[in-house]
Each structure stands twice: as structure tokens, then as C-alpha cells.
Number of protein chains: 2
Amino acid sequence: MNLPPLVQSFVLHFGEMGSRWGINRTVGQIYALLYVSPRPLCADDIVDALGVSRSNVSMGLRELQAWNLVLPKHIPDDRRDHFTTPDDVWQILRVLAEERKKREVDPTLSVLRELLMQTPGSEEERHAQARMAEMHGLIDRLTTWYEDVKRLETERLAALLALGARVTRLLEAKDKVVGLVRGRKES
Amino acid sequence: MNLPPLVQSFVLHFGEMGSRWGINRTVGQIYALLYVSPRPLCADDIVDALGVSRSNVSMGLRELQAWNLVLPKHIPDDRRDHFTTPDDVWQILRVLAEERKKREVDPTLSVLRELLMQTPGSEEERHAQARMAEMHGLIDRLTTWYEDVKRLETERLAALLALGARVTRLLEAKDKVVGLVRGRKES
DNA sequence: CCGTGATTTCAGAACTTTCTGAAATCTATG
DNA sequence: CATAGATTTCAGAAAGTTCTGAAATCACGG
């Protein structure tokens, strides 16, 4: 590996974090490299930069494309495929959230739904099912919220984030207004 | 393993999902078992229920305690430690978010901060640093928002979730009201 | 402060994942 | 449609992890 020190640190860090994020070292490094690269890179560029085998890079790119985190980008007059990351970080966030949900949440949601359809055959099963219902309820709320929020344009989403916990004040204000209106109508 | 079928399916599913969630099979199964169990279980109960070695259970419980996902609960007149999961699912969600942030986000945030302090030594490094700044900015916003939101009581949080994307309508309404007030003051 | 039973630690076995180089496959020309 | 370069596949080697049983440690009642 022979990279500018800043880039190298970044790439190595992503490699190390990879396992915590559910991807392997090489995949993490490839992503990091593409993320900071000023231009799309081809597989051989990546081999040179990271010092891993050609086939490993091929597999890594495959996986990153499956995650929609890396896109092929054609470079005119070059037969080789080149790759980049989407450059809008918000877009990256969306992709990441979507993929993680698909892999980490959806399967559990569907298993829970299935188990909740069954009739419990004992007190123990009845209790277990009640617990599963609680879990299902929570996950369901969260995913519904997520489905709502992901449709917002970036600008609105950013505004919402910036607002943070202060949304609740807005909520309170709303309740008050609604209360007032109701009060007037009822009187 | 000899469990009521409903419980068994749930436990096996958590075992399988474990690897996607960054824990191993046994840890996933132990958690699932404790989650649906109507009373705290001791290590030997878990050994019997899951059919894994005593030491494996010991390590699993250790890890789950480190995650704050499992709590020791003393049972009177029994020397053995017993364990449960916190029973409020919202509480579980909070713990999970906190721990994942600590393990998956914070280290990256601090590496990014460090790398952003350095002076780029080339155009390539300058570009890389700009990209890192974008990433840092996004993560920073997200974590700030998270720090805000996690302080909300469960009830408010639930209300906010239920509101979903409709918050934006509230935002629009607010902007309008603020606009009105401003208009009045300025006239 | 000994003995008993609960719990943890740890070295290595079993298993899983990751990585490589060689061979196979694909693809765009001339 | 042959060829040269690019890319992918794949079997097995290397590395990493999870799991076990045996031994060590701990902790409490007598």
C-alpha cells in the first residue's frame, strides 16, 4: 500500500471498522479509497493502492455494488470498468439505511409476524407471544416512521435534524393551538 | 434444544440473525431465550434450553452484559445468578442505539476529527480531506440529533414517531405563523 | 479456613470467513 | 471469428471466530 498518509489512515480505519459494520476488511478499504478518490478508479488501480489480490478486489466491488454503495462509471476510451461512490453523502446515508433495514430488520419482522399468527399451546407460549408482539409493535413503528422519513427531500430532512429535540416544543405548541381551537368550537 | 415450538423458532431466528447484527449465534439465542422467558434464568437453565456448553453460555452472558442487554437478577434463596432482559422494549431500543453508536460510529468520528486537523500535503490529500469533512459533517449532525432525541421521554418519542413525515407539515405551519408574526411586527 | 458448588478462564478443536492464484469466461475490436 | 485484454469464478490455503471440556478461581456456609 502506497498512498498519501491522510488517505492511508482513512482507508486503514475503514478496514478495521469493517468487521463491526458487517463487511470485511478489503471491502471497507475499497469503499474508503473510492470515497476519497478525486476520480473513478479501475480494479487494477485498487489492487495497486491496497496491495491485495486482483480477485479479492473483484469480489469486493461486487459486494459494494450489491449494497449500492459503489457505482460503475464508464471512462471514455478505456475498456476497463471504473468505479466511484455516489458523491452526495445524504444519498449514501439513504442507501445505507435502506440496505441495513433490508438485511437486519425485515427478516425479523416477517418471522415475528408469522409467529404471531400461530396459536399458543401453553401459558409459556402465550407469554412468549406477548413479548414478541411488543417487539413487533416497536419495530413496526420504527419502520413505518422510517418509510415516511426517507421520502423527504434532503433539505427538509436536514431541517428536521437541525431542529432536534426542539421538535417537541413545536408539538406542544401545536397541542395548545389545537386545544384553543377545540375550546372555541365547544363553547 | 427442547423448547415450545414458538419459542424455539424465535430463538433459532435470533441465532441466525446474530451474525448480521454483529453478535454470534449463541449470544443471539441466549438473548432471544431470556427475552421471551417469563422468569429470569440461570446459566444452567440456558445450557439445558439451548444445548450448548456451559462455558459458551458464560461467555455469551458476559458479552450481553457488556452490551447492557441482559441484567443479573438475584433470586432469593438461590446462590446461582439469574438473568433477564430489561422488559421495556423502548428501553432496549435505547440501549441498543447507544451501544451501536459507541461501537460503530464514535471511533470513526474521532478518527475523522483527527484527520481533519492535519494539513494536506498535496492536491489529492486536499480533496480527500474535503470528502472527509463532508462525511464528518453528516455524522456530526446525526449524532447531535440522536443525543437530543434520546433524552425525550418514551411517550414524547412515541408521539413523534407516530407523526412520521407529517412533522414537515407542522414545520410548514410554524414557518407560516412565524412569517405572520414577523410581518405584523415589521409593519 | 475448609469444602462444596457456582462460575470463569483458557488452550486447542471445529468451524467459518476471507483471500489468493490459476483457470475459465467474457468482450470489443481488427 | 480470432485474439488480446479485462474480468470473474473457484478450489484450496490462510486467517479469524466460536465452541468445548478441563482446570483454575471464586465465594459462601459451616
Side-chain angles (χ1 to χ4, degrees), chain A residues 1 11-12 14-34 40-67 69-84 103-104, chain B residues 1 11-12 14-34 40-67 69-84 103-104:
Chain A
M1 194 186 298
V11 164
L12 290 178
F14 266 60
E16 278 159 25
M17 292 302 283
S19 53
R20 301 199 192 178
W21 298 334
I23 57 176
N24 69 41
R25 186 154 34 99
T26 311
V27 171
Q29 292 185 349
I30 294 175
Y31 180 79
L33 182 66
L34 292 175
L41 302 179
C42 72
D44 286 316
D45 294 338
I46 298 171
V47 169
D48 293 344
L50 303 181
V52 296
S53 75
R54 184 52 233 274
S55 50
N56 200 0
V57 168
S58 180
M59 295 218 222
L61 285 171
R62 194 158 251 301
E63 182 169 352
L64 285 167
Q65 283 173 280
W67 275 86
L69 282 174
V70 153
L71 303 168
K73 184 148 204 171
H74 195 72
I75 297 281
D77 298 329
D78 196 328
R79 279 174 60 178
R80 298 167 305 176
D81 270 340
H82 287 64
F83 300 89
T84 3
R103 286 155 219 245
E104 301 183 9
Chain B
M1 192 185 299
V11 164
L12 290 179
F14 266 59
E16 278 160 26
M17 293 301 284
S19 52
R20 302 200 191 177
W21 298 333
I23 57 176
N24 67 40
R25 184 155 36 101
T26 312
V27 172
Q29 292 185 348
I30 294 174
Y31 181 79
L33 182 66
L34 291 175
L41 301 179
C42 72
D44 287 315
D45 294 338
I46 299 170
V47 168
D48 294 344
L50 303 181
V52 296
S53 76
R54 184 52 234 274
S55 51
N56 199 1
V57 168
S58 180
M59 295 217 221
L61 285 171
R62 196 157 250 299
E63 182 168 353
L64 284 167
Q65 282 173 280
W67 274 88
L69 282 174
V70 153
L71 302 169
K73 184 147 203 171
H74 194 72
I75 297 281
D77 297 330
D78 196 329
R79 279 173 61 178
R80 298 167 305 175
D81 270 339
H82 287 65
F83 300 89
T84 3
R103 285 155 219 246
E104 301 183 10

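FYI, side chains are in, hydrogens and waters are out, and symmetry mates aren't considered; it's all heavy atoms of this structure. Owing to the predicted nature of the structure, the values given are computational and were not obtained by experimental measurement. Reminder, nothing fancy here: chain letters follow the sequence lines and each chain counts from 1.
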>> Does A:Ile46 form a side-chain contact (heavy atoms from CB on, under 4.5 Å) with A:Leu34? I'd like the steps, not just the answer.
In response: CA-CA 9 Å; A:Ile46 298 171; A:Leu34 292 175; 4.2 Å; yes

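- Residue contacts for A:Arg80: at a heavy-atom cut-off of 4.0 Å it reaches the sugar-phosphate backbone alone, with no base atom in range.
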Check the interface with nucleotides 11-16 of chain C: list each N/O to N/O pair with the protein under 3.5 Å, or write none.
none

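- Atom CG of A:Asp44 is separated from atom C1' of C:dG21 by 15 Å (rounded to the nearest Å).
- Taking only side-chain atoms of B:Ser58, from C-beta outward, the nucleotide of C:dT18, C:dT4, C:dT8 with the closest atom is C:dT8.
- A:Trp21 pairs by the ring pair (Phe, Tyr, Trp, His ring centres under 6.0 Å) definition with A:Phe14, not counting sequence neighbours.
- Within the 4.5 Å cutoff, the side chain of B:Leu33 has no heavy atoms near those of the B:Gln29 side chain.
- Among residue pairs with one or both ends in residues 73-84 of chain A, those qualifying as salt bridge (Lys or Arg N to Asp or Glu O under 4.0 Å) are A:Asp78-A:Arg80; sequence neighbours excluded.
- Not counting sequence neighbours, the partners of A:Asn56 by the side chain to side chain donor-acceptor pair (under 3.5 Å) test are A:Thr26.
- Contact of the A:Pro40 side chain with the A:Phe83 side chain is not registered, since no non-hydrogen atoms from C-beta on lie closer than 4.5 Å.
- One can place CD of A:Gln29 at 12 Å from C1' of C:dC19, the figure rounded to the nearest angstrom.
- If you take CG of A:Asp77 and C1' of C:dT29, they are 14 Å apart, rounded to a whole angstrom.
- If you take CZ of A:Arg79 and C1' of D:dT7, they are 11 Å apart, rounded to a whole angstrom.
- Partners of A:Arg103 according to the side chain to side chain donor-acceptor pair (under 3.5 Å) rule, which considers only residues two or more places apart in sequence or in another chain, are A:Glu99.
- With C:dA28, C:dT8, D:dT9 as the choices, the nucleotide that has an atom nearest any side-chain atom of B:Arg62 turns out to be C:dT8.
- Minimum interatomic distance between A:Tyr31 and A:Leu69 (heavy atoms only, all atoms of both residues): CE1-O, 3.4 Å.
- Whole-Å rounding puts the A:Leu41 CG to D:dT7 P distance at 13 Å.
- Backbone-only contact: A:Thr26 has heavy atoms under 4.0 Å from sugar-phosphate atoms and none from a base.
- Nucleotide C:dA28 holds its C1' atom 11 Å from the NE2 atom of A:His74, rounded to whole Å.
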>> If you apply the rule side-chain contact (heavy atoms from CB on, under 4.5 Å), what do you find for B:Leu50 with B:Val57, and how did you get there?
In response: CA-CA 9 Å; B:Leu50 303 181; B:Val57 168; 5.6 Å; no

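- Protein atom CZ of A:Arg20 is 12 Å distant from nucleotide atom P of D:dT17, rounded to whole Å.
- Between B:Ile30 atom CD1 and D:dT18 atom C1' there is a gap of 12 Å when expressed in whole angstrom units.
- Contacts between residues 47-57 of chain A and DNA chain D, counted as heavy-atom distances below 4.0 Å, involve A:Arg54, A:Ser55.
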